[in-house]
Structures are given as structure tokens and as C-alpha cells.
Amino acid sequence: TDSARRLLALWTDRAWRCPTTATEREPFFKLYEKLRGEGLNFDAALRAAFRSVLMSAHFRYHASPAHPDAAVAQYA
């Protein structure tokens, strides 16, 4: 479980091109846990969670450098 959390944190930070919070990563970890509970092995469940990160709006849409929040704009 700790390994999955660490790997999801690294993956999400890189995919979203900015630091992420535990709260932002939680839905992806919950998906991982659900799939593990359904019998998927570690790798398959983690790959599914990784794919869901890539389907998220944070990955598909870039922030604008003109965003009013400087903390968001710096990662545009």
C-alpha cells in the first residue's frame, strides 16, 4: 500500500507537471484499492490507476501562464 501511494504520487506529479496533494491523489489511490479488492494484482491495479491519472482534466488541459493564481501559472 505504501509503495502504491509513493508510485502514484510520483506519477501524478509528473503527469500533471506540478506538485500534487494527497487529497488530489486520493481518488486514484481509492481506484487502486478497489481494483486490488476485486482481485487484480499490484501491477494491473496500479496501471489502471495510472491510466486514470492520464484521463484526468489536470493532465489533458494545461494551465495558462496568464492564470490569476501565480502558484498555478508557474507550472503552465
Side-chain angles (χ1 to χ4, degrees):
T1 304
D2 289 339
S3 295
R5 278 195 190 277
R6 274 196 324 272
L7 290 169
L8 273 169
L10 289 170
W11 178 259
T12 307
D13 287 355
R14 287 185 179 179
W16 289 6
R17 299 166 297 279
C18 66
T20 59
T21 66
T23 302
E24 291 172 321
R25 294 186 301 267
E26 190 62 22
F28 306 109
F29 184 71
K30 287 201 181 292
L31 173 64
Y32 162 81
E33 285 184 317
K34 176 181 180 278
L35 295 173
R36 288 289 286 159
E38 292 175 359
L40 266 69
N41 66 29
F42 177 84
D43 291 340
L46 197 57
R47 277 195 304 270
F50 285 174
R51 280 192 303 272
S52 68
V53 169
L54 297 178
M55 295 302 298
S56 68
H58 286 284
F59 177 76
R60 293 182 291 149
Y61 300 106
H62 293 276
S64 167
H67 194 283
D69 183 349
V72 174
Q74 74 177 341
Y75 295 105

Subject >> Rounded distance (nearest 0.5 Å) linking atom CD of Glu24 with atom OG of Ser56 >> reply: 10.0 Å

Original post:
Is the Lys NZ or Arg CZ of Arg36 less than 6.0 Å from the centre of Phe42's six-membered ring, within 45° of the axis?
Top reply: no

Original post:
Does Phe50 belong to the same Ile/Leu/Val/Met/Phe/Trp/Tyr cluster as Leu31, with side-chain heavy atoms less than 4.5 Å apart forming each link?
Top reply: no

**OP:** Flag the pair Glu38 / Lys34 as yes when at least one side-chain heavy-atom distance between them is below 4.5 Å, and no otherwise.
**Re:** yes

Original post:
Shared ILVMFWY cluster between Phe29 and Leu46, side chains joined below 4.5 angstrom?
Top reply: yes

**OP:** Look at the side-chain heavy atoms of Ile, Leu, Val, Met, Phe, Trp and Tyr, link any pair under 4.5 Å apart, and say whether Trp11 and Leu7 land in one connected group.
**Re:** yes

**OP:** Decide yes or no on side chain to side chain contact (heavy atoms under 4.5 Å, CB included) for Tyr32 and Leu40, but give the supporting numbers first.
**Re:** CA-CA 9 Å; Tyr32 162 81; Leu40 266 69; over 6 Å; no

Original post:
Same cluster or not: are Leu10 and Val53 linked, directly or through other Ile, Leu, Val, Met, Phe, Trp or Tyr residues, by side-chain heavy atoms under 4.5 angstrom apart?
Top reply: no

Original post:
Atom CD in Glu26, atom CG in Leu8: separation rounded to 0.5 Å?
Top reply: 10.0 Å

**OP:** Mind listing the closest non-hydrogen atom pair of Ala15 and Leu54 along with its distance?
**Re:** CB-CD2, 4.1 Å

Original post:
Is the closest side-chain donor-acceptor distance between Thr20 and Arg25 under 3.5 Å?
Top reply: yes

Original post:
Rounded to the nearest 0.5 Å, how far apart are CE of Met55 and CZ of Phe28?
Top reply: 11.0 Å

**OP:** Hey, could you give me the OG1/CZ distance between Thr1 and Arg6, rounded to the nearest 0.5 Å?
**Re:** 11.0 Å

